[in-house]
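Reading through the C-alpha coordinates given below for one structure.
Atoms within a ligand are numbered from 1 in the order they appear, just like the ligands themselves.
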Amino acid sequence: MFISDTHLPQLLPAHAYHDEAWYEREVEKALLPAWHVVATSGDFPRDGSFVSLKLLGRPLLLRRDGGEIHGFLNVCPHRFATLTDAPRGCTAVLKCGYHGWEFDGCSGSTRRIPDAPAFRPLEKGQLGLTQVQVEVCGGLVFVSVGQPQQSVTTQLAACDCDPAVHTSQHGEIGRREVLLPVNWKVAVENTLESYHVAEVHPRTFTTAPPENACRHELTTAGSCFSGPGDTRRTVVGLERLLLGRLGVSRHGGYRHTHLHPTFTLAATDSFAILLSFLPESARLTRLVVAWFARQSGSSRTLADRLLRIWAGVQSRFWLQVVGEDAAIVPRVQAGLEATAQPGGGLISRREERIVHFQRWLLDRLELPVPVAAQPMSQGAVP
Ligand code: FES
Ligand SMILES: [Fe+2]
(Lines give C-alpha, C1' and ligand atoms only; values in the text may rest on other atoms or scores of the structure.)
(Ligands and ions follow the chains in the order given, each with its own letter.)
Protein backbone atom coordinates (compact mmCIF):
# COMPACT_ATOMS: atom_id res chain seq x y z
CA MET A 1 0.00 0.00 0.00
CA PHE A 2 1.05 3.55 -0.52
CA ILE A 3 1.42 6.03 2.33
CA SER A 4 -0.09 9.23 1.04
CA ASP A 5 -3.84 9.53 0.56
CA THR A 6 -3.55 12.15 -2.15
CA HIS A 7 -1.32 13.24 -4.99
CA LEU A 8 1.69 15.35 -3.98
CA PRO A 9 3.44 18.44 -5.32
CA GLN A 10 6.81 18.49 -7.00
CA LEU A 11 8.96 20.15 -4.33
CA LEU A 12 12.05 21.05 -6.36
CA PRO A 13 11.95 23.82 -8.96
CA ALA A 14 12.87 22.89 -12.52
CA HIS A 15 16.15 24.80 -12.36
CA ALA A 16 17.29 22.49 -9.52
CA TYR A 17 17.95 19.96 -12.30
CA HIS A 18 20.39 22.04 -14.34
CA ASP A 19 21.46 25.22 -12.54
CA GLU A 20 25.19 25.30 -11.76
CA ALA A 21 24.83 27.29 -8.52
CA TRP A 22 22.17 24.89 -7.25
CA TYR A 23 24.45 21.97 -8.10
CA GLU A 24 27.41 23.51 -6.24
CA ARG A 25 25.22 23.93 -3.19
CA GLU A 26 24.16 20.29 -3.43
CA VAL A 27 27.78 19.18 -3.66
CA GLU A 28 28.75 21.10 -0.53
CA LYS A 29 25.74 20.39 1.64
CA ALA A 30 24.25 17.10 0.46
CA LEU A 31 26.69 15.13 -1.67
CA LEU A 32 30.12 15.57 -0.07
CA PRO A 33 28.91 14.54 3.43
CA ALA A 34 27.11 11.46 2.06
CA TRP A 35 28.20 7.91 1.25
CA HIS A 36 28.57 6.81 -2.37
CA VAL A 37 29.40 3.44 -3.88
CA VAL A 38 32.36 3.99 -6.20
CA ALA A 39 33.83 0.48 -6.47
CA THR A 40 33.29 -3.12 -5.46
CA SER A 41 35.52 -5.34 -3.38
CA GLY A 42 36.27 -7.27 -6.58
CA ASP A 43 38.43 -4.28 -7.59
CA PHE A 44 40.81 -5.12 -4.74
CA PRO A 45 41.77 -8.79 -5.08
CA ARG A 46 45.08 -8.42 -3.19
CA ASP A 47 47.11 -6.00 -1.12
CA GLY A 48 48.42 -3.23 -3.36
CA SER A 49 45.36 -3.29 -5.66
CA PHE A 50 44.16 0.26 -6.25
CA VAL A 51 41.52 2.25 -8.06
CA SER A 52 41.80 5.95 -8.84
CA LEU A 53 38.74 7.99 -9.72
CA LYS A 54 37.10 11.36 -9.39
CA LEU A 55 34.17 11.80 -7.05
CA LEU A 56 32.38 15.15 -7.02
CA GLY A 57 35.41 16.73 -8.64
CA ARG A 58 37.84 15.33 -6.05
CA PRO A 59 40.56 12.91 -7.22
CA LEU A 60 40.56 9.84 -4.97
CA LEU A 61 42.83 6.86 -4.58
CA LEU A 62 41.49 3.68 -3.00
CA ARG A 63 44.05 1.03 -2.25
CA ARG A 64 44.10 -2.23 -0.36
CA ASP A 65 46.72 -2.68 2.34
CA GLY A 66 46.78 -5.08 5.26
CA GLY A 67 43.64 -6.75 3.87
CA GLU A 68 41.60 -3.53 4.10
CA ILE A 69 40.70 -0.82 1.62
CA HIS A 70 41.95 2.65 2.50
CA GLY A 71 40.93 5.90 0.83
CA PHE A 72 43.01 9.00 0.19
CA LEU A 73 42.77 12.21 -1.71
CA ASN A 74 44.86 11.48 -4.78
CA VAL A 75 47.01 14.57 -4.22
CA CYS A 76 50.62 14.43 -3.15
CA PRO A 77 51.45 16.70 -0.20
CA HIS A 78 54.82 17.57 -1.74
CA ARG A 79 53.99 19.46 -4.95
CA PHE A 80 50.33 18.48 -5.40
CA ALA A 81 50.67 15.97 -8.26
CA THR A 82 48.23 13.11 -8.35
CA LEU A 83 50.09 10.03 -7.16
CA THR A 84 48.91 8.12 -10.22
CA ASP A 85 46.49 8.64 -13.06
CA ALA A 86 46.11 4.94 -13.84
CA PRO A 87 42.44 4.04 -13.30
CA ARG A 88 43.44 0.77 -11.59
CA GLY A 89 46.41 -1.42 -10.92
CA CYS A 90 48.50 -3.04 -8.20
CA THR A 91 51.64 -1.61 -6.61
CA ALA A 92 53.84 -2.93 -3.83
CA VAL A 93 54.40 0.61 -2.52
CA LEU A 94 52.11 3.62 -2.30
CA LYS A 95 54.27 6.11 -4.08
CA CYS A 96 53.97 9.41 -5.96
CA GLY A 97 55.02 9.24 -9.59
CA TYR A 98 56.52 12.75 -9.63
CA HIS A 99 59.43 12.82 -7.14
CA GLY A 100 58.95 9.41 -5.56
CA TRP A 101 57.64 10.18 -2.09
CA GLU A 102 56.37 6.99 -0.46
CA PHE A 103 53.46 6.73 1.95
CA ASP A 104 52.17 4.27 4.49
CA GLY A 105 49.39 2.32 2.77
CA CYS A 106 47.12 2.38 5.82
CA SER A 107 47.61 5.81 7.39
CA GLY A 108 48.92 7.75 4.38
CA SER A 109 51.75 9.26 6.42
CA THR A 110 55.11 9.74 4.67
CA ARG A 111 57.35 6.70 4.85
CA ARG A 112 60.29 7.42 2.57
CA ILE A 113 61.34 10.69 0.99
CA PRO A 114 64.11 10.63 -1.62
CA ASP A 115 67.01 12.90 -0.56
CA ALA A 116 65.24 13.44 2.75
CA PRO A 117 67.99 15.69 4.24
CA ALA A 118 67.06 18.31 1.63
CA PHE A 119 63.76 18.72 3.50
CA ARG A 120 65.31 19.21 6.94
CA PRO A 121 63.76 19.67 9.51
CA LEU A 122 60.78 17.69 8.13
CA GLU A 123 60.27 14.56 10.21
CA LYS A 124 59.29 11.17 8.82
CA GLY A 125 55.53 10.75 9.10
CA GLN A 126 54.76 14.45 8.66
CA LEU A 127 52.88 15.77 5.63
CA GLY A 128 50.83 12.67 4.83
CA LEU A 129 48.05 12.06 2.37
CA THR A 130 44.58 13.26 3.28
CA GLN A 131 42.44 10.29 4.24
CA VAL A 132 38.86 9.82 3.08
CA GLN A 133 36.40 7.51 4.77
CA VAL A 134 35.80 4.07 3.30
CA GLU A 135 33.32 1.45 4.42
CA VAL A 136 32.91 -1.95 2.80
CA CYS A 137 29.46 -3.56 3.05
CA GLY A 138 29.26 -6.97 1.43
CA GLY A 139 30.87 -6.49 -1.97
CA LEU A 140 30.20 -2.74 -2.10
CA VAL A 141 32.82 -0.08 -1.41
CA PHE A 142 31.30 3.12 -0.02
CA VAL A 143 33.29 6.35 0.18
CA SER A 144 32.57 9.68 1.78
CA VAL A 145 34.70 12.72 1.06
CA GLY A 146 33.06 14.72 3.85
CA GLN A 147 32.04 13.98 7.41
CA PRO A 148 28.93 11.79 7.32
CA GLN A 149 26.80 11.91 10.45
CA GLN A 150 26.50 8.12 10.64
CA SER A 151 28.30 5.06 9.35
CA VAL A 152 26.83 3.69 6.16
CA THR A 153 26.09 0.41 7.95
CA THR A 154 23.85 2.28 10.39
CA GLN A 155 22.12 4.11 7.56
CA LEU A 156 21.55 0.91 5.60
CA ALA A 157 20.21 -0.81 8.71
CA ALA A 158 17.65 2.00 9.00
CA CYS A 159 16.48 0.94 5.51
CA ASP A 160 16.54 -2.72 6.55
CA CYS A 161 19.13 -3.31 3.83
CA ASP A 162 22.12 -5.56 4.39
CA PRO A 163 24.29 -5.66 1.26
CA ALA A 164 26.29 -8.51 2.79
CA VAL A 165 23.31 -10.79 2.14
CA HIS A 166 23.00 -9.92 -1.53
CA THR A 167 26.49 -8.86 -2.62
CA SER A 168 29.83 -10.50 -2.12
CA GLN A 169 33.17 -10.35 -3.84
CA HIS A 170 32.81 -13.73 -5.51
CA GLY A 171 29.11 -13.12 -6.20
CA GLU A 172 29.81 -10.17 -8.51
CA ILE A 173 29.23 -11.32 -12.04
CA GLY A 174 29.16 -8.11 -14.02
CA ARG A 175 29.85 -4.40 -14.06
CA ARG A 176 29.08 -1.56 -16.41
CA GLU A 177 29.44 2.21 -16.33
CA VAL A 178 27.15 4.48 -18.31
CA LEU A 179 27.37 8.25 -18.72
CA LEU A 180 23.86 9.67 -18.56
CA PRO A 181 23.41 13.19 -19.98
CA VAL A 182 21.11 14.14 -17.12
CA ASN A 183 21.19 15.67 -13.67
CA TRP A 184 21.72 12.96 -11.06
CA LYS A 185 18.31 13.60 -9.48
CA VAL A 186 16.51 12.88 -12.77
CA ALA A 187 18.13 9.45 -12.84
CA VAL A 188 17.56 8.74 -9.15
CA GLU A 189 13.92 9.82 -9.21
CA ASN A 190 13.28 7.53 -12.17
CA THR A 191 14.14 4.56 -9.95
CA LEU A 192 11.86 5.71 -7.14
CA GLU A 193 8.55 5.08 -8.85
CA SER A 194 6.80 2.26 -10.65
CA TYR A 195 4.34 4.56 -12.45
CA HIS A 196 6.39 4.55 -15.69
CA VAL A 197 6.53 0.75 -15.96
CA ALA A 198 3.77 0.23 -18.54
CA GLU A 199 5.15 2.88 -20.92
CA VAL A 200 8.89 2.40 -20.50
CA HIS A 201 9.17 -1.31 -19.68
CA PRO A 202 6.42 -2.99 -21.74
CA ARG A 203 8.74 -5.85 -22.75
CA THR A 204 10.41 -6.40 -19.36
CA PHE A 205 8.30 -5.59 -16.30
CA THR A 206 5.19 -5.18 -18.56
CA THR A 207 2.93 -3.72 -15.84
CA ALA A 208 3.39 -2.26 -12.38
CA PRO A 209 2.08 -4.36 -9.51
CA PRO A 210 -1.29 -3.29 -8.09
CA GLU A 211 -1.20 -1.04 -5.04
CA ASN A 212 -2.16 -3.80 -2.63
CA ALA A 213 0.92 -5.79 -3.70
CA CYS A 214 3.28 -2.82 -3.17
CA ARG A 215 4.76 -1.51 0.03
CA HIS A 216 6.56 1.80 0.44
CA GLU A 217 8.74 2.51 3.47
CA LEU A 218 10.17 5.94 4.19
CA THR A 219 13.02 6.27 6.64
CA THR A 220 15.38 9.02 7.69
CA ALA A 221 18.11 7.40 5.57
CA GLY A 222 16.14 6.67 2.40
CA SER A 223 13.18 4.67 1.19
CA CYS A 224 12.22 1.18 0.03
CA PHE A 225 9.77 -0.42 -2.32
CA SER A 226 8.77 -4.05 -1.80
CA GLY A 227 6.70 -5.93 -4.31
CA PRO A 228 6.10 -9.33 -5.79
CA GLY A 229 8.96 -11.18 -7.46
CA ASP A 230 8.86 -13.56 -10.38
CA THR A 231 5.95 -15.97 -10.07
CA ARG A 232 6.62 -18.21 -13.09
CA ARG A 233 6.53 -21.80 -11.89
CA THR A 234 9.82 -22.87 -13.45
CA VAL A 235 11.60 -19.83 -11.97
CA VAL A 236 10.10 -20.39 -8.53
CA GLY A 237 11.03 -24.09 -8.60
CA LEU A 238 14.59 -23.48 -9.80
CA GLU A 239 15.25 -20.76 -7.26
CA ARG A 240 13.81 -22.80 -4.43
CA LEU A 241 16.06 -25.69 -5.36
CA LEU A 242 19.25 -23.63 -5.67
CA LEU A 243 18.64 -21.51 -2.59
CA GLY A 244 17.72 -24.63 -0.65
CA ARG A 245 21.21 -25.96 -1.37
CA LEU A 246 22.56 -22.85 0.40
CA GLY A 247 20.18 -23.41 3.30
CA VAL A 248 18.25 -20.24 2.37
CA SER A 249 14.49 -20.15 1.98
CA ARG A 250 12.91 -18.35 -0.95
CA HIS A 251 10.65 -15.43 -0.04
CA GLY A 252 9.77 -14.65 -3.63
CA GLY A 253 9.75 -10.87 -3.22
CA TYR A 254 11.54 -7.95 -4.82
CA ARG A 255 12.95 -5.08 -2.80
CA HIS A 256 14.36 -1.80 -4.03
CA THR A 257 16.29 0.31 -1.54
CA HIS A 258 17.35 3.91 -1.98
CA LEU A 259 19.88 5.26 0.47
CA HIS A 260 20.02 9.03 0.18
CA PRO A 261 21.31 10.41 -2.04
CA THR A 262 22.89 8.25 -4.79
CA PHE A 263 22.75 4.56 -3.81
CA THR A 264 20.12 2.10 -4.95
CA LEU A 265 20.05 -1.68 -4.69
CA ALA A 266 17.35 -3.87 -6.20
CA ALA A 267 17.32 -7.42 -4.91
CA THR A 268 15.43 -10.65 -5.22
CA ASP A 269 16.29 -13.81 -3.30
CA SER A 270 18.87 -14.85 -5.87
CA PHE A 271 19.96 -11.68 -7.67
CA ALA A 272 20.90 -8.09 -6.82
CA ILE A 273 21.76 -5.11 -8.97
CA LEU A 274 23.46 -1.96 -7.76
CA LEU A 275 22.83 1.38 -9.44
CA SER A 276 25.08 4.09 -8.07
CA PHE A 277 24.32 7.52 -9.54
CA LEU A 278 27.52 9.53 -9.26
CA PRO A 279 27.09 13.20 -10.19
CA GLU A 280 29.73 14.52 -12.61
CA SER A 281 28.19 17.96 -13.15
CA ALA A 282 24.79 19.64 -13.11
CA ARG A 283 23.89 17.84 -16.35
CA LEU A 284 25.96 14.67 -16.30
CA THR A 285 25.75 11.51 -14.18
CA ARG A 286 28.05 8.52 -14.13
CA LEU A 287 25.95 5.46 -13.47
CA VAL A 288 27.84 2.52 -11.99
CA VAL A 289 25.95 -0.73 -12.44
CA ALA A 290 27.10 -3.96 -10.82
CA TRP A 291 25.17 -7.18 -10.49
CA PHE A 292 25.54 -10.05 -8.08
CA ALA A 293 24.45 -13.61 -7.51
CA ARG A 294 23.36 -14.74 -4.06
CA GLN A 295 26.17 -16.88 -2.64
CA SER A 296 26.82 -19.09 0.33
CA GLY A 297 30.08 -17.50 1.37
CA SER A 298 32.20 -20.05 -0.43
CA SER A 299 32.82 -19.82 -4.15
CA ARG A 300 33.38 -23.51 -4.61
CA THR A 301 30.05 -25.19 -4.04
CA LEU A 302 28.03 -26.41 -6.97
CA ALA A 303 25.01 -24.41 -5.81
CA ASP A 304 27.11 -21.21 -5.79
CA ARG A 305 28.25 -21.88 -9.33
CA LEU A 306 24.73 -22.61 -10.51
CA LEU A 307 23.43 -19.47 -8.80
CA ARG A 308 26.04 -17.41 -10.63
CA ILE A 309 24.91 -18.91 -13.93
CA TRP A 310 21.28 -18.26 -13.02
CA ALA A 311 22.13 -14.66 -12.07
CA GLY A 312 23.87 -14.26 -15.42
CA VAL A 313 20.65 -15.27 -17.15
CA GLN A 314 18.61 -12.85 -15.03
CA SER A 315 21.05 -10.01 -15.67
CA ARG A 316 19.95 -9.81 -19.33
CA PHE A 317 16.48 -8.82 -18.16
CA TRP A 318 17.78 -6.27 -15.65
CA LEU A 319 20.26 -4.69 -18.05
CA GLN A 320 17.47 -4.27 -20.54
CA VAL A 321 15.47 -2.48 -17.83
CA VAL A 322 18.46 -0.21 -17.11
CA GLY A 323 18.77 0.53 -20.84
CA GLU A 324 15.08 1.38 -21.11
CA ASP A 325 15.37 3.84 -18.23
CA ALA A 326 18.60 5.29 -19.65
CA ALA A 327 16.74 6.01 -22.89
CA ILE A 328 13.86 7.93 -21.27
CA VAL A 329 15.68 10.10 -18.70
CA PRO A 330 17.33 12.48 -21.24
CA ARG A 331 13.81 13.41 -22.35
CA VAL A 332 12.97 14.38 -18.77
CA GLN A 333 16.15 16.45 -18.61
CA ALA A 334 15.29 18.19 -21.89
CA GLY A 335 11.82 19.05 -20.60
CA LEU A 336 13.14 20.37 -17.29
CA GLU A 337 15.57 22.64 -19.09
CA ALA A 338 12.82 23.95 -21.35
CA THR A 339 10.30 24.80 -18.66
CA ALA A 340 10.19 28.34 -17.38
CA GLN A 341 7.50 27.49 -14.83
CA PRO A 342 8.72 28.04 -11.29
CA GLY A 343 6.30 25.41 -9.99
CA GLY A 344 4.55 22.71 -11.94
CA GLY A 345 4.85 18.97 -11.91
CA LEU A 346 2.57 16.63 -10.01
CA ILE A 347 3.48 13.48 -8.17
CA SER A 348 1.14 10.52 -7.80
CA ARG A 349 0.83 8.36 -4.70
CA ARG A 350 2.75 5.67 -6.58
CA GLU A 351 5.61 8.17 -6.97
CA GLU A 352 5.63 9.31 -3.34
CA ARG A 353 9.19 8.12 -2.66
CA ILE A 354 10.31 10.97 -4.92
CA VAL A 355 8.74 13.52 -2.60
CA HIS A 356 10.45 11.92 0.37
CA PHE A 357 13.79 12.24 -1.45
CA GLN A 358 13.11 15.85 -2.42
CA ARG A 359 12.24 16.70 1.20
CA TRP A 360 15.51 15.15 2.33
CA LEU A 361 17.42 17.22 -0.20
CA LEU A 362 15.71 20.49 0.72
CA ASP A 363 16.49 19.76 4.36
CA ARG A 364 20.18 19.22 3.54
CA LEU A 365 20.24 22.40 1.48
CA GLU A 366 18.60 24.30 4.37
CA LEU A 367 15.83 25.40 2.02
CA PRO A 368 12.17 25.54 3.04
CA VAL A 369 9.64 23.03 1.75
CA PRO A 370 7.14 24.98 -0.42
CA VAL A 371 4.16 26.02 1.70
CA ALA A 372 1.63 24.31 -0.55
CA ALA A 373 3.23 20.95 0.17
CA GLN A 374 1.18 18.93 2.60
CA PRO A 375 3.13 16.46 4.70
CA MET A 376 2.71 12.79 4.01
CA SER A 377 1.71 10.57 6.88
CA GLN A 378 4.81 10.67 9.03
CA GLY A 379 3.95 7.44 10.77
CA ALA A 380 6.27 5.53 8.49
CA VAL A 381 9.27 7.77 9.16
CA PRO A 382 11.11 6.79 12.30
S1 FES B 1 54.68 15.87 -6.10
FE2 FES B 1 54.64 13.91 -5.25
S3 FES B 1 56.67 13.51 -4.73
FE4 FES B 1 56.71 15.49 -5.52
FE1 LIG C 1 12.34 2.01 -14.89
Side-chain angles (χ1 to χ4, degrees), residues 50 52 59-61 63 72-86 91 93-105 108-119 122 124-130 176 178 180 182 184-209 214 216 223-225 227-229 254-258 264-268 273-277 285 287 289 291 314-333 347-348 350-354 357:
F50 72 84
S52 76
L60 303 184
L61 185 63
R63 185 171 173 277
F72 306 101
L73 209 57
N74 187 8
V75 176
C76 179
H78 172 225
R79 298 285 298 143
F80 313 114
T82 55
L83 277 73
T84 177
D85 61 0
T91 55
V93 177
L94 178 55
K95 177 175 165 177
C96 176
Y98 193 3
H99 307 96
W101 281 30
E102 293 179 14
F103 304 90
D104 182 273
S109 58
T110 49
R111 205 161 64 180
R112 183 183 158 273
I113 296 178
D115 191 19
F119 288 95
L122 184 71
K124 195 169 164 180
Q126 281 183 276
L127 265 192
L129 300 171
T130 302
R176 185 173 290 182
V178 188
L180 299 172
V182 302
W184 66 280
K185 299 187 296 298
V186 171
V188 167
E189 290 179 355
N190 167 261
T191 72
L192 297 182
E193 48 98 349
S194 55
Y195 186 44
H196 67 271
V197 164
E199 285 300 321
V200 175
H201 305 299
R203 282 173 298 279
T204 46
F205 286 129
T206 64
T207 52
C214 303
H216 287 169
S223 68
C224 308
F225 166 92
Y254 161 79
R255 189 170 170 87
H256 178 270
T257 302
H258 174 219
T264 69
L265 187 73
T268 66
I273 185 162
L274 158 85
L275 300 185
S276 176
F277 299 93
T285 300
L287 169 60
V289 187
W291 51 102
Q314 295 182 80
S315 69
R316 287 183 217 145
F317 171 93
W318 288 96
L319 291 174
Q320 190 178 337
V321 170
V322 170
E324 289 162 352
D325 284 324
I328 192 72
V329 288
R331 288 170 50 188
V332 182
Q333 182 71 29
I347 295 183
S348 69
R350 192 177 275 278
E351 300 165 286
E352 63 192 358
R353 292 171 72 202
I354 292 174
F357 164 58

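Within the 4.5 Å cutoff, side-chain heavy atoms of Thr268 are placed close to those of Gln314. No side-chain heavy atom of Thr285 sits under 4.5 Å from any side-chain heavy atom of Val188.
Residue Asp325: an N/O/S atom is found under 2.8 Å from the Fe ion (ligand 2).
Every atom of ligand 1 is numbered from 1 in the order shown, and the set under 4.0 Å from a heavy atom of Cys96 is 1 (S), 2 (Fe), 3 (S). Which parts of ligand 1 touch Gly100 is read off a 4.0 Å heavy-atom cut-off, strictly below it: atoms 3 (S). Numbered from 1 in the order shown, with element, the atoms of ligand 1 that lie under 4.0 Å from a heavy atom of Trp101 read 3 (S). Near Cys76, the atoms of ligand 1 lying under 4.0 angstrom from a non-hydrogen atom of the residue are 1 (S), 2 (Fe), 3 (S).
Ser194 pairs with exactly one of Glu351, His201, Arg350 by the side-chain hydrogen bond (donor to acceptor under 3.5 Å, both in side chains) rule, that one being Arg350.
Between Trp318 and Phe205, the ring planes are perpendicular. Angles over 60° get that label, and only those under 30° would be called parallel. The aromatic rings of Phe225 and His216 are tilted relative to each other, their planes meeting at an angle between 30° and 60°.
Distances from atom 4 (Fe) of ligand 1 to the N/O/S atoms of His78 are shortest for ND1.
Remark: aromatic rings of Phe357 and His258 are close, center separation under 6.0 Å.
In terms of protein heavy atoms, atom 4 (Fe) of ligand 1 is closest to His99 ND1, 2.1 Å.
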